[in-house]
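Take a look at the structure set out below.
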Amino acid sequence: MPRYSRVFRRFLVSYLIILIIPSIAGYMSYQTAINVTESVSIENGVTQLQKSKELLERRMAEVEGFTRQLAINQDLGILMNENGTGSQANVYGIWKMMKDVLTFGQTNDFLKQFYVYLSNYDVVLTPGSAYFRPEHYYESYHYPGMPYEEWKSGVLETTHRSEIMALRPFMENKTETSVVTYMQSLPLDSFNGASPAVAVVLIDQKMITDPLSGLTDRYGGWIHIADGNGHTVGLRGADEEEVTALAMDRDFDGGKLSQFYEEDLVITIKSDTTGWVYRAGIPKAALMESANQIKFISWTVTGIALFVGLIVGLLLSYRNSAPIIRIIGVMKEQFGPGQEEGAHRNEFDFLHGNIAQMLTQHKRLESEVVRQAPLVRDAFFKRLLAGEFQTRDEIIAAAVQSNAGLNGDVGYVGILQVNGYPLLDNVEVLNELNAARLILKQALIDSGSSVRMTDTGSDKIVFLFAFPDLEGASGLGKEEVAKTLESVSRRAFEEFRISVTVVLGGLFQTITEVSQSYEQAKGTLDVAVHQNRKELTWFEDTRHESATYHYPLELELRLIGTVRAGELDEARRILASIVSQNTEQRELSYEMKGQLAGEMKGTFLKLLDQKVFMEAESFEETKNRIIAIQPSEPLEVIQKELDGVMETLCEVVRSRKNDSHMRTIEAIKAYVQSVYGDSALTLYRVAEQVERPEKYISQLFKEVTGVNLSDYLENVRMEHASILLKHEALTVDEIAAKVGYNSSHSFRRAFKRVTGVSPSVFRQSALDG
């Protein structure tokens, strides 16, 4: 253990106490919820059994009512009082009686199978048949194990008063079942050993237990119904032996409403009307399903919370105690044992000193960031002048990153050179030039114009005026630039005796042409210095014969880069500026024009060496087209030919990009078609499959197909769902799972959103069609 582990333990104990307090409250709430859920579940079971009992008793009351209706039936009364001896049987009366009793079984399932025995005729009447010999009836409908004589003497020839024969096997046309037999002698006041007639109702066990099936079907339990003597009337979901063993068990209280016995909740209800005992056994696991879910979720969440809380407590305890332990260790090492008071004082000083040092360093860092900001902006400006950016979007992104706003897309680039310092070979001269540049920069700032500037060499300042639109730049903007620069030149000379030469390049109409305007300004400065001009000199005001053409390396590289990127418009602007520089601002000799044409042809032949162009079908044709350009032709004609070449090359680049995009789209579609049934299919998995970023494929799919990838996936799923609805005998839930939906409700909403109708309506219309 660490020397100062008691600090760690104190932190840990405090976190554990904070963790345990809500856990105790949560446990109490959980226990209450479990008890309430358990009591509600038991109450629901009792209520359901009670309602089923009441329903069954109403059915049995209807059976008793049936016998009472028979007792007052006039036709039956006539038959019972007739002398049935002899050969003259009252066939019409028997037929009419059969017709009367036939209707009784249509109102109650318990009355579907019954018969009436007339002792004077020795006939058994059933709905639809008359058996003048009871033994013929008993051949088809009898109790296995009960001889005919026993049946006749115990059932037909005995007086009964609403008697019920317990559940026993019964054969019905060679089909075995189990029935409860209800017997009533007619008339109702028969008390002697025999009665004129007996009504017997055979109640199938299934009809008795069906009203209670809700308990067995829902919970998977069992039902037992016994009469007042303990004889089984109905049994479902259990064996007779199991029920008997339950009743004989001393641990089981037969008079208790509800009790847990082994793994079941046993509910017992006794009927005050019939004396029957209704007993239901419900598996505890099924009954307590909701409570078990609460229990599982509660214990899982509590366990995870305690584990995470313990881990967090350990980490926080270590994190909070470690600095204190380290500080105390340093203090002990510095002052030695027994110096706690001095250690505590030194500890405060230590913390105070380090915090003060951190604040000082933070302020120094902020100051350094502020100091470096102009350098970052200056670096951006120099890259812009050098033409290192290929697209307008790249320039805008770099300007935002360096916080160097340009205020517009059109304007002028100029150069301001300090005169009188031809030699820059000593420190004093350099110091003077440094001071002069600072004065000139401040004068430009004080002029109130929005200008960006940077140094180029010891005696030059490059500046840039930008305007929002072309009209402003070529009109009032040009006048403002001229007025500002003349004011700065005049002030520098009058106040500091600094003589300057100021020149301006041509108008750039997009920020990608800034480097071109800068090149024009450099050429104009050469002319102004050579001609010793003192006034402001514009690029368009200079035109001179030059022994060399203007085609610098950086301009050639920019032209190559823009063509390789497929930026046709930008490439045309660069080519136009090259031609303009060498035709409008220079007077080249015939030989120089031919040399320039050859250089430009060489540039495009270099481009053809790129793999993307060498593999193109138009490679040979384009190459021959370039070679066929004659240097003796006017530069305007050569420009037109090269424009056509650039258009062909940029089309190759765009075609390659489109082919690549289409291959990616086809790969996405093929993958979606193969795994549309996976409900876990996400944009991340699609991106992983095609090896592209998620944002890229999302934007690309929308641009190429015009629909979102998520909408395409939904449409694919609905197409397959439509096929399944038409041709497969599957449920809607099964189809939803097959096409990648976890919820049939979500599938139905999506199907109706896409097709306009619900799945069931769609299937029906397909069947009708």
Would you say the side chain of [Y] lies within less than 4.5 Å of the side chain of [X], judging by non-hydrogen atoms?
X: Arg763; Y: Val757; result: no
X: Leu559; Y: Phe604; result: yes
X: Phe465; Y: Val413; result: no
X: Ser515; Y: Phe508; result: no
X: Glu714; Y: Arg753; result: yes
X: Ile574; Y: Thr562; result: yes
X: Ile638; Y: Glu641; result: no
X: Arg572; Y: Glu647; result: yes

Practice task
Could you list the residues that satisfy ring pair (Phe, Tyr, Trp, His ring centres under 6.0 Å) with His745, not counting sequence neighbours?
Solution key: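 Once residues adjacent in sequence are excluded, His745 has no partner under the ring pair (Phe, Tyr, Trp, His ring centres under 6.0 Å) criterion.
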
Practice task
Could you give me the CA-CA distance, side-chain angles and deciding distance for Val645 and Asp643, then say whether side-chain contact (heavy atoms from CB on, under 4.5 Å) is met?
Solution key: CA-CA 5 Å; Val645 171; Asp643 274 345; over 6 Å; no

Exercise for the section: Dump the intermediate steps for side-chain contact (heavy atoms from CB on, under 4.5 Å) on Lys726 and Phe762, then the final yes or no. Expected result: CA-CA 8 Å; Lys726 286 182 179 179; Phe762 180 86; 3.5 Å; yes

Calculate, to the nearest 0.5 Å, the distance between atoms [atom1] and [atom2] belonging to [X] and [Y] respectively.
X: Tyr676; Y: Glu719; atom1: OH; atom2: CD; result: 10.0 Å
X: Ser698; Y: Ile668; atom1: OG; atom2: CD1; result: 9.0 Å
X: Lys640; Y: Ile629; atom1: NZ; atom2: CD1; result: 12.5 Å
X: Ile267; Y: Leu265; atom1: CD1; atom2: CG; result: 4.5 Å
X: Leu642; Y: Met600; atom1: CG; atom2: CE; result: 6.0 Å
X: Tyr741; Y: Asp733; atom1: OH; atom2: CG; result: 14.5 Å

Handout entry: side-chain contact (heavy atoms from CB on, under 4.5 Å) assessment of Leu464 paired with Val451
Key = CA-CA 6 Å; Leu464 180 146; Val451 61; 5.8 Å; no

Which pairs of donor and acceptor atoms, one on a side chain in residues 620-628, lie under 3.5 Å apart (sequence neighbours left out)?
| unit_1 | atom_1 | unit_2 | atom_2 | d |
| --- | --- | --- | --- | --- |
| Thr622 | OG1 | Ser618 | O | 2.7 |
| Asn624 | ND2 | Glu620 | O | 3.1 |

Nearest heavy-atom neighbours spanning [X] and [Y]:
X: Phe701; Y: Val707; result: CD2-O, 3.4 Å
X: Ser758; Y: Lys752; result: N-CG, 4.3 Å
X: Asp678; Y: Arg717; result: O-NH2, 3.0 Å
X: Tyr412; Y: Gly505; result: CD2-O, 3.7 Å
X: Ser517; Y: Gly506; result: OG-O, 2.7 Å
X: Gly411; Y: Phe467; result: CA-CD1, 4.1 Å

Practice task
Check for a donor-acceptor pair, side chain of Glu734 on one end and backbone N or O of Thr731 on the other, with a separation under 3.5 Å.
Solution key: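 Yes, the answer is positive, given that a donor and an acceptor are paired below the 3.5 Å cut-off.
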
Problem - Lys702 side-chain N/O to Leu709 backbone N/O, donor-acceptor pair under 3.5 Å - result: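 Not a single qualifying donor-acceptor pair exists.
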
Show the atom names and distances, to 0.1 Å, of all donor-acceptor pairs under 3.5 Å that link a side chain in residues 375-385 to residues at least two apart or in another chain.
| unit_1 | atom_1 | unit_2 | atom_2 | d |
| --- | --- | --- | --- | --- |
| Asp378 | OD1 | Thr454 | OG1 | 2.3 |
| Asp378 | OD2 | Lys382 | NZ | 2.7 |
| Asp378 | OD2 | Thr454 | OG1 | 3.3 |
| Lys382 | NZ | Thr454 | OG1 | 2.5 |
| Lys382 | NZ | Asp455 | O | 3.2 |
| Arg383 | NE | Glu388 | OE1 | 3.0 |

Problem - Evaluation steps, side-chain contact (heavy atoms from CB on, under 4.5 Å), between Ile396 and Ile511 - result: CA-CA 9 Å; Ile396 292 175; Ile511 51 177; 4.2 Å; yes

